[in-house]
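Here it is, the structure, as structure tokens.
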There are 2 protein chains.
Amino acid sequence: MKLTEAEWQIMKALWEKHPATAREIMERLPAGVKWAYTTIKTMLTRLVDKQVVSEAKQGNTSVYDPLISQRKARLSAFRSLLETAFDGAMGPLVHFLVEEEQLTPKQKRELARLVEDQAKGETK
Amino acid sequence: MKLTEAEWQIMKALWEKHPATAREIMERLPAGVKWAYTTIKTMLTRLVDKQVVSEAKQGNTSVYDPLISQRKARLSAFRSLLETAFDGAMGPLVHFLVEEEQLTPKQKRELARLVEDQAKGETK
DNA sequence: AGAATGCTACTACGGCTGTAGAAGGAGTAG
DNA sequence: CTACTCCTTCTACAGCCGTAGTAGCATTCT
């Protein structure tokens, strides 16, 4: 399921600690983000509609839980980028990553190490 | 500048060969994509408004050119993903990439090689 | 000249997004 | 009982996106 930019904000707050009420989510949003309470409610409702979040009543208050993991959401966002911007192939992305100064030397070394570790584990 | 999914299709066709007319772009779209000619014109107009494409008259026909490179568009899309889905940090993304089976063994080796090459060139 | 073709500019329209206000029920402090 | 506070649901609205139709002007075939 595709999340919008604003929805990611909500979801991040929710993944961080859940279940959570709308108010708790509001408090956990990044400092810069100042949405009205009802804005958050609206987005939560939409997320529930999208089946990305579940809603349960606790007294008169709704309590929300993520229905998809951050991992899954990331995967989906990543795939989408790959698809639209890199012809769906890792090749161009890898190339881009390495070429575009996207990595600090440290990250490059870390990446190299991680990749090597993984590569080693595989049958050729 | 942020491109939408549909705009990426147009842009890809345009990067492939340009300058190009709307009709040429139409012909160069992936087989699956069947947009009306005017749809393409509309999107081109919007891209011109967004200053992502330039338009020049050749007789009574418009000829379009990309104003941003594919590299730059990719960079921007990539940054946006990084920002919204990976907390703006390469660390989580790298981790994700290596963990999530996003790479075939071959790609991992290639990535490792590329990364090493780059890492070598740098002052530690 | 008349008809067909091709291009342009303008208009449209439903759905999604960001952002919220308003109204109303319920618990709580006085 | 009354006022305040908090939560909920409904409604709104502008802007962007996907997708195109229509009308009008120029060129070209017959």
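In the text below, chain A, chain B and the rest are named by the order of the sequence lines, each starting its count at 1. Keep in mind the model is a prediction, meaning the values are calculated, not measured. Any value given below was found using the heavy atoms of this structure, including those in side chains, with hydrogens, waters and symmetry copies removed.
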Going only through I, L, V, M, F, W and Y residues with side-chain contacts under 4.5 Å, is there a path from Leu81(B) to Phe86(A)?
yes

Is a side-chain N or O of Glu27(B) found less than 3.5 angstrom from the main chain of Glu24(B), in a donor-acceptor match?
no

Distance-only donor-acceptor hits, side chain of residues 9-20 of chain A, under 3.5 Å, sequence neighbours excluded:
| from | atom 1 | to | atom 2 | distance (Å) |
| --- | --- | --- | --- | --- |
| Lys12(A) | NZ | Thr84(B) | O | 3.0 |
| Trp15(A) | NE1 | Ile68(A) | O | 2.9 |
| His18(A) | ND1 | Asp65(A) | OD1 | 2.8 |

For dT8(D), does either OP1 or OP2 sit under 4.0 Å from a side-chain N or O belonging to Tyr37(A)?
yes

Mind listing the residues from residues 45-65 of chain A sitting with a heavy atom below 4.0 Å of DNA chain C? Number order is fine.
Arg46(A), Lys50(A)

Ile40(A) CD1 to dC6(D) C1', straight-line distance once rounded to whole Å:
14 Å

Which part of the nucleic acid does Thr39(A) contact within heavy-atom distance under 4.0 Å: base, sugar-phosphate only, or nothing?
base

Pairing residues for Arg23(B) by the salt bridge (Lys or Arg N to Asp or Glu O under 4.0 Å) criterion, not counting sequence neighbours:
none

Excluding Leu67(B), membership of its hydrophobic cluster (Ile, Leu, Val, Met, Phe, Trp, Tyr; side-chain heavy atoms within less than 4.5 Å) reads none

ILVMFWY network linking Leu75(A) to Met1(A), side-chain heavy atoms under 4.5 angstrom
no

In whole angstroms, the gap separating P of dC17(D) from CH2 of Trp35(B) amounts to 13 Å

Output side-chain donor-acceptor pairs under 3.5 Å for residues 43-52 of chain B, partner residues at least two apart or in another chain, one line each.
| from | atom 1 | to | atom 2 | distance (Å) |
| --- | --- | --- | --- | --- |
| Thr45(B) | OG1 | Lys41(B) | O | 2.9 |
| Lys50(B) | NZ | Lys2(B) | O | 3.1 |
| Lys50(B) | NZ | Glu7(B) | OE1 | 2.9 |
| Lys50(B) | NZ | Glu7(B) | OE2 | 3.2 |

According to ring-ring contact (aromatic ring centres under 6.0 Å, His included), does anything in residues 29-73 of chain B pair up with another residue at least two apart or in another chain? List the pairs.
none

Under 4.0 angstrom, heavy atoms only, what part of the nucleic acid is Thr38(B) near: base, sugar-phosphate, or nothing?
base

Please state whether the phosphate of dG18(D), meaning OP1 or OP2, lies under 4.0 angstrom from any side-chain nitrogen or oxygen of Thr4(B).
yes

Tell me which pairs pass salt bridge (charged side-chain N to carboxylate O under 4.0 Å, His left out) where either residue lies in residues 66-77 of chain B, with sequence neighbours left out.
Asp87(A)-Arg74(B), Glu100(A)-Arg71(B)

Between Lys2(A) and Ala36(A), which residue's closest nucleotide on DNA chain C lies nearer the 5′ terminus?
Lys2(A)

Is it true that a side-chain atom of Thr42(A) and a backbone atom of Thr38(A) form a donor plus acceptor pair closer than 3.5 Å?
yes

When you measure from the side-chain N and O atoms of Lys41(A) to the phosphate of dC7(D), is any distance below 4.0 Å, counting only OP1 and OP2?
no

Any link between Leu93(A) and Leu82(B) through a network of hydrophobic side chains (Ile, Leu, Val, Met, Phe, Trp, Tyr) touching at under 4.5 Å?
yes

Can you tell me how far apart CE (Met26(A)) and OG1 (Thr39(A)) are? Round to the nearest 0.5 Å.
9.5 Å

Checking Lys57(B) now: which residues fulfil side-chain hydrogen bond (donor to acceptor under 3.5 Å, both in side chains) with it, not counting sequence neighbours?
Ser62(B)

Does anything in residues 12-22 of chain B reach DNA chain D, meaning a heavy atom under 4.0 Å, and if so which residues?
none

Take atom CG of Leu44(B) and atom C1' of dC17(D), then tell me their distance rounded to the nearest Å.
15 Å

In the 5' to 3' direction, the nucleotides of DNA chain C bounding the stretch that comes under 4.0 Å of a heavy atom in chain A are dT17(C) to dA22(C)

Angle between terminal axes - the helix from dA1(C)-dT30(D) to dG30(C)-dC1(D), 5 pairs each end, rounded to 10°
20°

Starting from Leu3(A), can I reach Phe96(B) by hopping between I/L/V/M/F/W/Y residues whose side chains sit under 4.5 Å apart?
no

